[in-house]
Amino acid sequence: MTVDTLWNKIKISPAELSLEKVLRCGQTFRWKNINNTWSFTIEDRIVLLKQDEENLHYSWLMKELLVDSSAAAISRQNNETLNFINDYFNLSINLTSLYKHWMIQNENYKNKKILGSPFTKFKGIRILRQDPWEATISFICSSNNNVKRISKMCENLCTEYGTYLNTYKGVDYFTFPSAKDLSSSPNVETKLRELGFGYRAKYIYQTARLLTSTLSIKELNSLRESSYEDSHSYLLQLTGVGPKVADCICLMALDKHDIVPVDTHVYQIAIRDYKFKGKKDLKTMNKKVYEDIREYFKEIFGEYAGWAQSVLFASDLSDMNNGINVKEEVIVEAKITSTVVDIKEEISTEIIIESDSKRRRVRK
DNA sequence: GCAGTACCTCCATC
DNA sequence: AGATGGAGGTACT
């Protein structure tokens with residue numbers, strides 16, 4: 001078992017990357033935030049991140065059996081972690097120049113009654129390059145659902161069907177389960193129903209089955225090199241994947257940066273903020289309206305319209321925290337009033353270390 | 001094709 | 001306190 005051996009850093013400004021916003025705007029559901037450290041699992045390790053005004057700090061903890069502290073191993077692991085971060089956060093893409101373009105377009109197309117610009121208020125929001133399989137399952141879970149519950153479902157998938165990696169600061173970490181893990185037995189569907197997945201249990205099981213039989217994860221991954229149209233129709237073969245979910249996967253895992261997934265929310269933004277002509281009380285989105293909105297945003301924001309949309313979406317979200325960040329804290333045995341939030345903010349990590357016995361994990 | 005409705009569960013709101 | 005409806009939809013008729 002290791003301590004926080006070493007933290008390395010990548011120089012990056014908050015305008016290029018806002019960890020908090022990117023990881024809580026509803027594109028990924030599996031990052032934990034404990035005492036201001038973000039953690040996530042990949043195949044063979046836990047990745048840890050922290051951010052300040054100048055740098056993104058990163059560290060990692062290898063799978064228990066793979067811990068190797070030789071200098072050569074550390075150096076290799078460092079490179080691998082760095083490669084993951086650069087790839088996962090799409091860091092080769094310059095966000096600041098994209099924002100500049102979007103701000104100009106925004107002024108040309110926005111409803112003049114709307115004051116201010118989301119692109120001024122919400123900096124550093126970028127689209128991640130997620131694993132296609134994980135994105136598929138995550139977004140199948142997202143139908144008729146909210147961020148908090150989707151996060152819980154993803155966590156349940158990991159603890160129930162993932163592989164144990166290691167324990168960091170008292171928290172056990174598991175990998176996201178593979179398609180094989182989720183198709184091993186028909187009991188999977190039953191178990192997922194017990195875990196509260198509802199009708200999505202069947203979708204997940206059937207999708208895992210299909211991707212380990214007729215279709216394959218290799219094909220799914222190769223859609224990164226395919227056209228949007230081909231990718232979209234391939235994804236529609238999967239149970240529980242409709243047009244909206246397929247577009248989410250295209251944008252967030254398959255490098256289709258121009259695709260704007262349209263839900264009722266985005267529909268409302270289009271009408272309210274961008275003068276899109278449509279009925280405000282539309283009950284069910286039909287195919288034509290769906291595609292019209294998608295194309296409309298693409299016309300406004302261009303090649304990276306999907307990225308621009310995530311900024312609009314974030315600025316419209318009331319609670320980006322979604323109640324899922326965790327803070328370890330001392331439970332103060334005092335009368336807790338409505339100022340509880342401020343009190344919590346002030347109780348810092350230093351105090352906590354002294355009183356292990358009283359530690360609890362509390363939803364912020 | 002197209003529109004309407006059932007589907008699981010949680011949880012804020014009334 | 002208990003009911004109601006919405007939550008970044010999809011499958012089925």
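Quick caveat: nothing in here was measured; it's all calculated off a predicted structure. Each chain gets a letter, A, B and so on, in the order its sequence line appears, and its residues count up from 1.
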Item checked: Audit row: A:D247, A:V260, side chain to side chain contact (heavy atoms under 4.5 Å, CB included) steps and yes/no -> CA-CA 7 Å; A:D247 282 348; A:V260 175; over 6 Å; no

Check: How far apart are the C-alpha atoms of A:N144 and A:R200, what are their side-chain angles, what is the distance that settles it, and do they pass the side chain to side chain contact (heavy atoms under 4.5 Å, CB included) test?
Finding: CA-CA 10 Å; A:N144 241 331; A:R200 304 164 195 88; 3.9 Å; yes

Checklist line | Worked check of side chain to side chain contact (heavy atoms under 4.5 Å, CB included) between A:F174 and A:L157 | finding: CA-CA 9 Å; A:F174 300 83; A:L157 281 176; over 6 Å; no

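Taking atom C1' on both nucleotides, B:dC7 is separated from C:dG5 by 15 Å, rounded to a whole Å. Straight-line distance between the C1' atoms of C:dA7 and B:dC8: roughly 12 Å, to the nearest whole Å. For the P atoms, the distance from C:dG8 to B:dA6 is 22 Å, rounded to whole Å. When the C1' atom is compared between B:dC10 and C:dA11, the two are found 22 Å apart, to the nearest whole Å.
Comparing A:L238 and A:N145 against DNA chain C, the residue whose closest nucleotide sits nearer the 5' end is A:N145.
Residue A:W31 is tested with A:W38, A:F176, A:F40 for a ring pair (Phe, Tyr, Trp, His ring centres under 6.0 Å); the sole match is A:F40.
What separates CG of A:L192 from C1' of B:dC7 is a distance of 16 Å, to the nearest Å. Here the P atom of nucleotide B:dT9 and the CE atom of A:M153 are 10 Å apart, to the nearest Å. Atom CG in A:N146 sits about 9 Å away from atom C1' in C:dG6, given to the nearest Å. The distance from atom CZ of A:F313 to atom C1' of C:dA7 is 10 Å, rounded to the nearest whole Å. Separating the CD atom of A:Q27 from the C1' atom of C:dG8 is a distance of 13 Å, rounded to the nearest angstrom. Rounded to an integer number of Å, the gap from A:I293 CD1 to C:dG8 C1' is 14 Å. Atom P of nucleotide B:dC2 and atom CD of A:E291 are separated by 10 Å, given to the nearest angstrom. Across the protein-nucleic acid pair, A:I150 atom CD1 and B:dT9 atom C1' stand 12 Å apart, rounded to whole Å.
Using modelled atom types and a 3.5 Å distance limit, the side chains of A:S143 and A:Y199 yield a donor-acceptor pair. Between the side chains of A:Y173 and A:S39, at least one donor-acceptor pair of N or O atoms lies under 3.5 Å. Side-chain contact of A:Y290 with A:R294: a donor-acceptor pair under 3.5 Å is absent, judged by distance alone.
For A:F84, the ring pair (Phe, Tyr, Trp, His ring centres under 6.0 Å) partners two or more places apart in sequence, or in a different chain, are A:Y88.
Using a 4.0 Å heavy-atom cutoff across all strands shown, A:L236 reaches no nucleic acid atom at all. A:P261 comes within contact range of at least one nucleobase, with a heavy-atom separation under 4.0 Å. No engagement by A:F197 is indicated, since no non-hydrogen atom pair under 4.0 Å with the nucleic acid exists. Backbone-only engagement by A:V241 is indicated by non-hydrogen atom pairs under 4.0 Å involving sugar-phosphate atoms exclusively.
Which of C:dG9, C:dG8, B:dC8 sits closest to the side chain of A:R193 comes down to B:dC8.
Taking every heavy atom of residues 134-144 of chain A and every atom of DNA chain B, pairs under 4.0 Å involve A:N144, by number. Of the residues in residues 199-208 of chain A, A:Y199, A:Y203 come within less than 4.0 Å of DNA chain C through at least one heavy atom, sorted by number.
A:L48 has its side chain out of reach of A:Y58: every pair of non-hydrogen atoms, C-beta onward, lies at least 4.5 Å apart.
OP1 or OP2 of B:dC11 lies within a sub-4.0 Å distance of a side-chain N or O belonging to A:K148. For the OP1/OP2 pair of B:dC11 and a distance below 4.0 Å, the side-chain nitrogens and oxygens of A:R149 include no atom meeting the criterion.
For residues 122-147 of chain A, the set of pairs meeting the salt bridge (Lys or Arg N to Asp or Glu O under 4.0 Å) definition, not counting sequence neighbours, comprises A:E16-A:R126, A:R30-A:E134, A:D87-A:R129, A:R129-A:D255. Legend: side chain to side chain donor-acceptor pair (under 3.5 Å) pairs involving residues 297-306 of chain A, not counting sequence neighbours, sorted by first then second residue: A:Y109-A:E299, A:D258-A:K298.
A:F301 and A:F119 have their aromatic ring centers within a separation under 6.0 angstrom. The ring of A:H257 has its center closer than 6.0 angstrom to the ring center of A:W307.
Judged by distance alone with a 3.5 Å cut-off, a donor-acceptor contact links the side chain of A:K244 to the base of C:dG8.
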Next item on the list: Would you sketch DNA chain B in dot-bracket for me? Only Watson-Crick or G-U wobble pairs with both distances under 3.5 Å count, crossing pairs as [ ], other-strand pairs as |, the rest as dots.
Entry: ..|||||.||||||

